[in-house]
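Residues: numbered from 1 along the sequence shown.
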Amino acid sequence: MDALLRYYFGLSPRDQRIALYGGIAAVMLLILAVVLPLQRHVGALEQRVAQKRDDLIWLRSMAPQLVSMQTNAPPPLHESLVVVVDRTARQAGLERALVGSQPSGDGGLNVRLEQTPFDGLVSWVAQLRESYGIRVDSAVIEPAAAPGTVNSTMVLHAR
């Protein structure tokens, strides 16, 4: 440090001013190029942490409702999957659309519906899920000839 000060005071007054202004410019450049972007980045990270904290508080407040939803799960089926699917399809007005159902080897049921109103199909699948715990493992849904109708092949499984 002493050598740097000796060098500085050994310069002419004009060179000392240039060195001083150059040093000030270098410090300002360092602040503008490094410190301010870091400060902005830290501010953004603090906002993310605050948002995550708020999300955690909300999730903790929702935990009792989520637990109650789990206890309201549909009871296990006391009739065969084929019977439930056939009965609920008739109740949903899809008896003409249900052209075939065939048990699959893994306890599932392959179901084929043709010329089905799409809204009716979605409602029926939702009823199967909510009331009986029957899930759709796979589905192929294609548009049918009439507008708003579909042909579908689904693999259904009970819980």
Rounded distance (nearest 0.5 Å) linking atom CG of Asp54 with atom CG of Leu59: 11.0 Å
Indicate yes or no: at least one non-hydrogen side-chain atom of Val125 is less than 4.5 angstrom from one of Arg129. no
For the pair Ser123 (side chain) and Gly120 (backbone), establish whether a donor and an acceptor sit closer than 3.5 Å, ignoring hydrogens and angles. no
Taking atom CZ of Arg53 and atom CD1 of Ile57, what is their separation to the nearest 0.5 Å? 7.5 Å
Kindly work out whether a path of hydrophobic side-chain contacts (I/L/V/M/F/W/Y, heavy atoms less than 4.5 Å apart) joins Val122 to Leu128. yes
Spell out, as yes or no, whether a donor-acceptor pair under 3.5 Å connects the side chain of Gln16 to the backbone of Tyr8. yes
Would you please test Leu156 and Val136 for side-chain contact (heavy atoms from CB on, under 4.5 Å) and show each step? CA-CA 5 Å; Leu156 305 175; Val136 177; 3.6 Å; yes
So, taking the atom named CG in Leu5 and the one named OH in Tyr7, what distance separates them when rounded to the nearest 0.5 Å? 13.0 Å
Which heavy atom of Leu11 sits nearest to which heavy atom of Ala19, and what is that distance? CD1-CB, 4.5 Å
Are Arg135 and Asp137 close enough for a salt bridge, meaning some N to O gap below 4.0 Å? yes
Ile141-Met154 co-clustered via ILVMFWY side chain contacts under 4.5 Å: yes
What one should report as the nearest heavy-atom pair of Asn110 and Ser104 is ND2-CB, 4.0 Å
Distance-minimising heavy-atom pair for Trp124 and Ala89: NE1-N, 3.2 Å
Does this structure show an ion pair linking Arg6 with Asp2, if we count only N-O contacts that are shorter than 4.0 Å? no
Heavy-atom pair of closest approach, residues Ala97 and Thr116: CB-OG1, 3.3 Å
Pairwise side-chain contact, Ser152 with Leu121, heavy-atom cut-off 4.5 Å (strictly under): yes
Glu95, CD atom: more than 12 neighbouring heavy atoms under 6.0 Å: yes
Just verifying a value: how many Å separate Asn151 CG and Glu114 CD, rounded to the nearest 0.5 Å? 5.0 Å
Check whether any side-chain heavy atom of Val99 lies under 4.5 Å from a side-chain heavy atom of Leu113, and answer yes or no. no
Side chains of His157 and Asp106: closer than 4.5 Å at any heavy-atom pair? yes
State plainly whether the residues Arg48 and Glu46 are in salt-bridge range, i.e. N to O under 4.0 Å. no
As an exercise, state the distance from OG of Ser101 to CZ of Arg112, rounded to the nearest 0.5 Å. 13.0 Å
When rounded to the nearest 0.5 angstrom, what is the spacing between CD in Gln127 and CD1 in Ile134? 9.0 Å
Are Phe9 and Ile24 in one and the same hydrophobic cluster, where Ile, Leu, Val, Met, Phe, Trp and Tyr link if side-chain heavy atoms are under 4.5 Å apart? yes
Is there a continuous path of hydrophobic side-chain contacts, each under 4.5 Å between heavy atoms, that joins Val49 to Val42? no
Can you give me the closest heavy-atom contact between Gln115 and Ala145, atom names plus distance? NE2-N, 3.8 Å
Same cluster or not: Val27 versus Leu36, using hydrophobic residues (I, L, V, M, F, W, Y) connected whenever any side-chain heavy atoms lie under 4.5 Å apart? yes
